Amino acid sequence: MSEFLQQLINGIAWGSIYALIAIGYTMVYGVLRLINFAHGDVYMVGAFAGFYAARWLKISEEPTFIGVTGVLLFAMFACALLGFIIEKSAYKPLRKSPRLTALITAIGISLFLENAGQLIFGADPKFFPQIITKKNLIAGGGVILTNQQAIVVGVSLFMMIMLQLFIQKTRTGKAMRAVSFNREAASLMGISIDKIISVTFVLGSALAAAAAILVALTNPKIEPLMGIMPGIKAFVAAVLGGIGNIPGAMLGGMIMGVAEVMVIGYLSSTYRDAIAFAILILILLFKPSGLLGGFAGEKV
Amino acid sequence: MTKNSKFFWIIWGISISLLLTSCAKKEDLVLLGEYGSLTGVTATFGKSTQKGIQMALDEINQTGGIEGKLFKIIVEDDQSKPEEAATAVKKLINQDKVLLILGEVASSRSLAGAPICQEAKVPMITPSSTNPKVTQVGDYIFRVCFIDPFQGEVMAKFARNTLKATKAAILKDIKNDYSVGLAEFFTQTFEQSGGTVITEESYSEGDIEFRAQLTALKAKNPEVIFIPGYYTEVGLIARQARDLGITIPLIGGDGWDSPRLVEIGGEALENTYYSNHYTPEDPRPEIQNFITKYKEKYNEIPDAMAPLGYDATWIAFNAIKLSGILKEENIKKAYTDKPNTGSLMEAINTESNRQKIRDAIAQTRDFTGVTGVITIDENRNAKKSAVVVKIEGGKVRFMETINPS
C-alpha cells in the first residue's frame, strides 16, 4: 500500500509538469487551430533561462524565497518574449496560408530552437543548481513527500487556477474564448485578433517556462534536446483531455504522469513511452474529441 | 584604387593563403585517428581520453617521434551518439586516411565504429570499452582495459564479501550494451557466491525521472543496489534514491568515473562504491609520475579515462615502431612501390603495413602502462587488475585492488 501511495505521489508530481506544458499546446490550438510543435523547445529555453539566472544571482549558495521567485519569473518572462517573437515572425505572416504551411513552420521553428540551443548552450548536459533546500514534508509509513515535490504540484495548481480565472473572468479572457469560438465573428465584434493571438502565445510560453523550472527542481539535468519527449507527451496529454480545452489538458497531463509512473513501477520501463501512445490511439478510436472535449460540429 | 584592382588583390590574397595551407599539408606527418564523445551526455569520457591521448602524442613528438617521423592525431567528435560514431570512423578512414584508430570509450559506440574499422582493415584500439562483444567484432579490434565479466565479478564479490549483502537489486540502462552486459555478469557471480538478485528494473539513457523504478525497488527491501550506468544518470538516480529514503549502498562500474558525478549527485553519493581501472591514490610510481605530468599540463586530477587513453596511444606507438614500417628502407620501398605519391601517408598507408601494425599490437606483452601491466591476450583483450573505490565526503577513496584469477 505504501508503495502504491508513493508511486501516486511520484505520478502526480510528474503529471503536473505534463499538465503545465499541455496547457500551452491546448491554448494555441484553441485560438489558432495550430499545433505548435515548437512548444517543447520553448520549455527547454525556459530551463536554460532559469539556469543562467540562478547562476547569475548565485541562488544555490543561499536559497531565498525571493531568489527562487526571481528565477521563476525571469524564465517565464524570457519565454513569454520568445513566444511573442516566434508568433510575430513565424506564424503571423502565414495567417492566411493553408494550415499545413503553419504546421510545417512549427516543426521548422522546433528544429531551429533545438540546434540553436546546441550551438549556444552546448550539447553537454548542465546541472541545474539546487535553488530550494530539500526537506521531507511527510516521512512515515514508507511514504516520503519532499518539499520540492509539493512545490511542483502546488505551483502548477496555482498557475492553472490563475489561468482559469483569467480566461473566465477578464475581458481579455472573454475575447480569447470568443476568438476560439469563431474568429471572423469575434473580429466583427471589434476584438483585435492579432492581440489575442499574441496574448495566447505569451501565456502558453510562460507556463512552459514555469514547467521547466519545476522539472529542474526535482530532476536537475538540462540539455538542448530535453524538450522533445516532454513536448510529445504533453501533446498527447492535450489530445487526451480534448485539445482546445484547458481543464482537459490538466486532467490529461495528470493521467499521463500517473499512467507512466504506474507502468514503470508495476510493469517495465520499456513500456513507458508505449503507454503514452497507446493512450493516444485508444482515445482517438473511442472519443476523438478527448475526455472533456465538446462535440465540434463540422461547419458546412 | 579601381574596383577591378581591388578584386585582383582579393583573389591574390586567397590564392596565397591556399598555397600556404597546401604547403603545410605536405608536411610528412604520420596520421592517426581518434573518435570520442567530446560533447553530449558522456562528454567527460571523451574529453579526458583526449587529454590522455594528447599527452602521449606530445611526448612522442617532443622526443623525435619514431625513426624521425612525427605524428598527428585527427580527432572526431561523435556527440555521445552511436550513429555519429559510425560517421566519424568512416570520415577518418575514407577522408583522412589514417593508419590506426583510437576510441571509443562507450561500448555501444565502439560497437558502431569497430565493424567499419574491421571492414577497412584499419587497426582500432579502444582505451576503455569493457563489453566483451567489442573485440569479438574481428581481429583488427583491440582494447587496453579489462572486460565486463571481470568487472561484474569484482563488484559481485565486493557486494557479497565486503558489504555482506545477500539480497541485491539491479537498475540498468536497457538501451546500453555496456550496462546490460555488466548487469548479467554481476548476477552470475553474485548468485554463484550465495546471494540472490531479487529484482531488476531498467531505464533508458537520457531519462531524468527514476522515482517510479526506485520506489518499486525499495518495496522489495534489497541490501544493495547495483547500477551499471553512466555518471549523468547515476548522479540523478542517487539523488532521487536518497530523496525516497533509500539509504543502502549503491554500487556500480567504471561508467561512474567522472569528475561530474559528485557535482550532480552531491551528498547523495555517500555510501556508494564502484569498480575502476585505476585510482589516483595508488602509490605506484607510474601512476604518480603520470598524475604530476597531467596536473602540470591540465591543472586537474585525471579520472580513469585519461590514463587509459594515454596507455592506448603508447601501445599504438609501440606497435608502429615494432612493425618497422617507418624504417627508412621500408619507407623508400613504399615510395617506389607507389610511384607518383605525394605525401608520406599516401605511400605508407597500405593494407600490408596496417596488417603489420595489427600483428605488432597483438604481440604486446607485459607493457608497463599507467593503468597496470598490459598483456594483450588471444582475444585481443587486456588482462589487468581492477580497483574498488568509495565516495566519501565528495572525494573518491581507494578501497581495494582485485586481481584477475
Side-chain angles (χ1 to χ4, degrees), chain A residues 1-11 13-14 17 47 60 118 122-130 134-136 139-140 142-149 215-216 218-226 228-230 257-273, chain B residues 37-47 77-81 84 171-175 199-221 230-237 239-246 260-268:
Chain A
M1 191 59 202
S2 66
E3 185 191 354
F4 180 78
L5 279 179
Q6 183 72 61
Q7 294 291 30
L8 203 61
I9 292 176
N10 298 341
W14 194 230
I17 307 287
S60 54
Q118 294 192 38
D124 304 4
K126 307 248 180 324
F127 296 92
F128 205 84
Q130 284 305 90
K134 196 199 83 185
K135 265 195 295 265
N136 285 345
V143 179
I144 289 181
L145 172 71
T146 64
N147 59 340
Q148 294 175 343
Q149 282 173 313
V215 161
T218 48
N219 316 68
K221 187 189 108 181
I222 63 174
E223 40 125 4
L225 301 183
M226 68 186 275
I228 300 176
M229 235 10 203
V258 174
E260 269 194 15
V261 165
M262 292 299 167
V263 163
I264 298 174
Y266 294 101
L267 287 171
S268 158
S269 77
T270 35
Y271 297 127
R272 186 197 51 191
D273 294 343
Chain B
S37 49
L38 298 178
T39 57
V41 282
T42 54
T44 73
F45 287 171
K47 282 183 193 154
D77 176 21
D78 59 28
Q79 301 163 22
S80 308
K81 293 175 194 157
E84 293 291 329
L171 180 56
K172 66 183 176 193
D173 179 349
I174 194 85
K175 279 193 202 155
T199 174
E200 259 190 49
E201 291 285 335
S202 60
Y203 64 92
S204 303
E205 188 163 0
D207 282 0
I208 55 171
E209 172 72 26
F210 307 93
R211 286 184 179 82
Q213 291 96 319
L214 290 165
T215 305
L217 289 184
K218 189 188 173 197
K220 303 254 168 49
N221 289 318
Y230 292 146
Y231 61 90
T232 310
E233 282 84 23
V234 169
L236 293 174
I237 291 173
R239 225 175 233 269
Q240 295 175 12
R242 302 307 188 213
D243 278 2
L244 287 168
I246 299 174
R260 299 204 75 174
L261 178 68
V262 176
E263 185 193 325
I264 310 161
E267 286 168 16

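This one's a predicted model, so the numbers in the text were calculated from it and none came from an experiment.
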* To do: Identify which of B:Ser37, B:Gly206, B:Ala216 forms the greatest number of heavy-atom pairs closer than 4.5 Å to chain A.
  =>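 Highest number of heavy-atom pairs under 4.5 Å: B:Ala216.
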In terms of heavy-atom proximity below 4.5 Å to chain A, should [X] be classed as side chain, backbone, both, or neither?
| X | answer |
| --- | --- |
| B:Leu236 | side chain |
| B:Glu201 | side chain |
| B:Lys220 | neither |
| B:Ile174 | side chain |
| B:Glu200 | neither |
| B:Lys175 | neither |
| B:Glu233 | side chain |

* Contact origin within A:Val143 toward chain B - heavy atom pairs under 4.5 Å ->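 Neither part.
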* Relative to chain B, which segment of A:Gln149 carries a heavy atom at a distance below 4.5 Å: side chain, backbone, both, or neither? ->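 Only the side chain of A:Gln149 comes within 4.5 Å of chain B.
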Out of curiosity, [X] [atom1] to [Y] [atom2], how far, rounded to the nearest 0.5 Å?
| X | Y | atom1 | atom2 | result |
| --- | --- | --- | --- | --- |
| A:Ser269 | B:Glu209 | OG | CD | 12.5 Å |
| B:Leu244 | A:Asn10 | CG | CG | 6.0 Å |
| B:Thr215 | A:Leu8 | OG1 | CG | 11.0 Å |

Between [X] and [Y], is any pair of side-chain heavy atoms under 4.5 Å apart?
| X | Y | answer |
| --- | --- | --- |
| B:Arg239 | A:Gln130 | yes |
| B:Gln240 | A:Asn219 | yes |
| B:Asp207 | A:Arg272 | yes |

* Closest non-hydrogen atom pair, A:Glu3 against B:Ala219 ->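 Shortest heavy-atom separation between A:Glu3 and B:Ala219 comes out as OE1-CB, 3.2 Å.
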* **Heavy-atom closest contact (B:Arg211 atom, A:Gln7 atom, distance)** =>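 In this case the closest contact between B:Arg211 and A:Gln7 is O-OE1, 4.2 Å.
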* Residue A:Tyr266 excluded, over 12 heavy atoms near OH under 6.0 Å ->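 Atom OH in A:Tyr266 is packed in, count exceeds 12.
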* Atom CD of B:Glu267: over 12 foreign heavy atoms under 6.0 Å ->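 Atom CD in B:Glu267 is not packed in, count stays at 12 or less.
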Counting heavy-atom pairs under 4.5 Å to chain B, which of [options] comes out on top?
| options | result |
| --- | --- |
| A:Thr218, A:Thr146, A:Asp273, A:Asn136 | A:Thr218 |
| A:Gly265, A:Ser2, A:Pro125 | A:Pro125 |
| A:Leu145, A:Ile264, A:Ile9 | A:Ile264 |

* To do: Just do the side-chain contact (heavy atoms from CB on, under 4.5 Å) check on B:Val41 and A:Lys221 with the steps written out, would you?
  => CA-CA 10 Å; B:Val41 282; A:Lys221 187 189 108 181; 4.2 Å; yes
